Amino acid sequence: MRTQVAIIGSGPSGLLLGQLLGNAGIDNVILDRVSKDYILGRVRAGVLEEGTVGLLDRCGVGARMHRQGLPHDGFSLAFNGRDHRIDLHGLTGKRVMVYGQTELTHDLMDHREATGGKSIYEAADVTPHDFDRDNPYVTYVQDGITHRIDCDFIIGCDGYHGVSRRSVPQAALKTFERVYPFGWLGLLADVPPVSHELIYANHERGFGLCSMRSETRSRYYIQCALDEKVEDWSDDRFYDELRRRLPEEHAQRMVTGPSFEKSIAPLRSFVAEPMRFGKLFLAGDAAHIVPPTGAKGLNLAASDVHYLFEALAEHYGEGSNAGLDAYSAKALARVWLAVRFSWSMTTMMHRFPDTGEFGQKIQEAELDYLVSSTAASTALAENYVGLPY
Ligand code: RFL
Ligand code: PHB
């Protein structure tokens, strides 16, 4: 088989890029090692920046998001028994959209199928070859047979554990990493959210987050130790712990009900530089990971895809490689701003092993300053709604 662009990974980055390329008449194939249903079973991001919303509209897949998504004009920071609203719209003129990654992925998969895009699921041993030469290709195994796809470019959209980044010679790659000494235990339940906006809570027992997927579905998280087992957390134990970390007014109002998903995610900051090796380009989690506290992971994947699509369109449309040559530096500049923001939100909101009483007071003072200074609130809001690209 031959295509112009072979995309490894059918998560949000791969699907978004595939759709933009397809709409522009650039032939592409998406390969994923797991099935569509498996991908749609993962519960992940929930907050989309305006840039991400715009990109989905540009792809032609925004209709259901605009019908069912929840535009949010603000969120709350809770600490010291009270909560304080950050007026995103008032401070920046922008808002965010609460719409689950699962739904967004569903919309992109449906649209790809409807527009005749080629996707190969359950492809084993996907391997990029010869991306340092003129004629790269990808091989994969299906039903015991090895297949080959010749292409102009290979795009690694295969997440943190994917094969693309690992195929690059170690000496050509510099990585930066911070592993946090805790995780997030998340729960999904069909109960009305405790508040109509998100609440990020700092508490001496640890961080808590009240998010949602709709007006009837809540997504809640609590900071937990890395060695915790999901099986040890009954729904009741989870809700009790979350309530203890919230201001009284919210704790009392919380409606509880049986969960249908519960999982623990570790927290990490990670960046691999550069994001291009000859004819192989990395995008999204394949190149960088941020802790979810800033709600930036999926949104960074979208900005990478924006830069890469523009560069590929310029290559095929005008025969210029300027965009492709600039891709890594351009994407990394925005990546590092989001890495900094996610790290700083994580540091300010979580209980670390050495936080202690002094650290707790410092966090509360920082939060106090953030919510009482318009300059500080604006800086927070500007980062949260997404820096321009
Ligand atoms: P994905 O979604 O991981 O998709 C990668 C795809 O590649 C496939 N793959 C392979 N295919 C072929 N061969 C191989 N060897 C392969 N290895 C892997 C996988 O099967 C998969 O289908 O990466 P992508 O597309 O770059 O998207 C990134 C986002 O998924 C991620 O950044 C976000 O989910 C992060 N994130 C959040 N981001 C936000 O912007 N806002 C949020 O509110 C937010 N909340 C979150 C989050 C991530 C979380 N977890 C669980 C990590 C909350 C959580 C709890
Ligand atoms: C979510 O709804 O899953 C979510 C929202 C905000 C975050 C992280 C996760 O910062």
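The structure presented is a predicted model; accordingly, all values stated were derived computationally and were not measured. Sequential numbering from 1 along the given sequence is applied to the chain's residues. Both counts, for ligands and for their atoms, begin at 1 and track the order of listing.
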I need the nearest protein heavy-atom contact for atom 8 (C) of ligand 2: residue, atom name and distance, please.
Pro292 O, 3.3 Å
In this structure, atom 9 (C) of ligand 2 is nearest to the protein heavy atom Tyr221 CE1, 3.7 Å
Any ion pair linking [Y] and [X] (charged N to carboxylate O, less than 4.0 Å)?
{"X": "Lys330", "Y": "Glu310", "value": "no"}
{"X": "Glu261", "Y": "Arg219", "value": "yes"}
{"X": "Glu103", "Y": "Arg217", "value": "no"}

Compute the ring centroids of Phe238 and Tyr220, then answer whether they are less than 6.0 Å apart.
no
is_close_aromatic(Phe352, Phe182), centroid dist under 6.0 Å:
yes
For ligand 2, find out whether one of its N or O atoms is nearer than 3.5 Å to an N or O atom of [X].
{"X": "Tyr200", "result": "yes"}
{"X": "Trp184", "result": "no"}
{"X": "Tyr384", "result": "no"}

Quick check: does any side chain N or O of Arg245 sit under 3.5 Å from a backbone N or O of Arg205, one acting as donor and the other as acceptor?
yes
Which ligand 2 atoms are under 4.0 Å away from a heavy-atom of [X]?
{"X": "Leu198", "answer": "5 (C), 6 (C)"}
{"X": "Val47", "answer": "5 (C), 6 (C)"}
{"X": "Arg44", "answer": "3 (O)"}

Arg351: which of Gln363, Gln360, His203, Glu204 passes side chain to side chain donor-acceptor pair (under 3.5 Å):
Gln360
What are the atom names and distances for all N or O pairs under 3.5 Å between ligand 1 and the protein?
{"from": "ligand 1", "atom 1": "2 (O)", "to": "Arg44", "atom 2": "NH1", "distance (Å)": "3.0"}
{"from": "ligand 1", "atom 1": "3 (O)", "to": "Arg44", "atom 2": "NH1", "distance (Å)": "3.0"}
{"from": "ligand 1", "atom 1": "11 (N)", "to": "Arg33", "atom 2": "N", "distance (Å)": "3.2"}
{"from": "ligand 1", "atom 1": "20 (O)", "to": "Asp32", "atom 2": "OD1", "distance (Å)": "2.7"}
{"from": "ligand 1", "atom 1": "22 (O)", "to": "Asp32", "atom 2": "OD2", "distance (Å)": "2.7"}
{"from": "ligand 1", "atom 1": "22 (O)", "to": "Arg42", "atom 2": "NH2", "distance (Å)": "2.9"}
{"from": "ligand 1", "atom 1": "25 (O)", "to": "Pro12", "atom 2": "N", "distance (Å)": "3.2"}
{"from": "ligand 1", "atom 1": "25 (O)", "to": "Ser13", "atom 2": "N", "distance (Å)": "2.9"}
{"from": "ligand 1", "atom 1": "25 (O)", "to": "Ser13", "atom 2": "OG", "distance (Å)": "2.7"}
{"from": "ligand 1", "atom 1": "26 (O)", "to": "Ser13", "atom 2": "OG", "distance (Å)": "2.5"}
{"from": "ligand 1", "atom 1": "26 (O)", "to": "Asp285", "atom 2": "N", "distance (Å)": "2.9"}
{"from": "ligand 1", "atom 1": "30 (O)", "to": "Arg44", "atom 2": "NH1", "distance (Å)": "3.0"}
{"from": "ligand 1", "atom 1": "30 (O)", "to": "Gln101", "atom 2": "NE2", "distance (Å)": "2.8"}
{"from": "ligand 1", "atom 1": "32 (O)", "to": "Asp285", "atom 2": "OD1", "distance (Å)": "2.7"}
{"from": "ligand 1", "atom 1": "32 (O)", "to": "Asp285", "atom 2": "OD2", "distance (Å)": "3.3"}
{"from": "ligand 1", "atom 1": "32 (O)", "to": "Gly297", "atom 2": "O", "distance (Å)": "3.4"}
{"from": "ligand 1", "atom 1": "32 (O)", "to": "Leu298", "atom 2": "N", "distance (Å)": "3.3"}
{"from": "ligand 1", "atom 1": "34 (O)", "to": "Gln101", "atom 2": "OE1", "distance (Å)": "2.7"}
{"from": "ligand 1", "atom 1": "38 (N)", "to": "Gly297", "atom 2": "N", "distance (Å)": "3.2"}
{"from": "ligand 1", "atom 1": "38 (N)", "to": "Leu298", "atom 2": "N", "distance (Å)": "2.9"}
{"from": "ligand 1", "atom 1": "40 (O)", "to": "Ala295", "atom 2": "O", "distance (Å)": "3.2"}
{"from": "ligand 1", "atom 1": "40 (O)", "to": "Gly297", "atom 2": "N", "distance (Å)": "3.2"}
{"from": "ligand 1", "atom 1": "40 (O)", "to": "Leu298", "atom 2": "N", "distance (Å)": "2.7"}
{"from": "ligand 1", "atom 1": "40 (O)", "to": "Asn299", "atom 2": "N", "distance (Å)": "3.2"}
{"from": "ligand 1", "atom 1": "40 (O)", "to": "Asn299", "atom 2": "ND2", "distance (Å)": "3.2"}
{"from": "ligand 1", "atom 1": "41 (N)", "to": "Ala295", "atom 2": "O", "distance (Å)": "3.4"}
{"from": "ligand 1", "atom 1": "43 (O)", "to": "Gly46", "atom 2": "N", "distance (Å)": "3.2"}

Consider only side-chain N and O atoms of Tyr180 and Ser269, and report whether a donor and an acceptor are under 3.5 Å apart.
yes
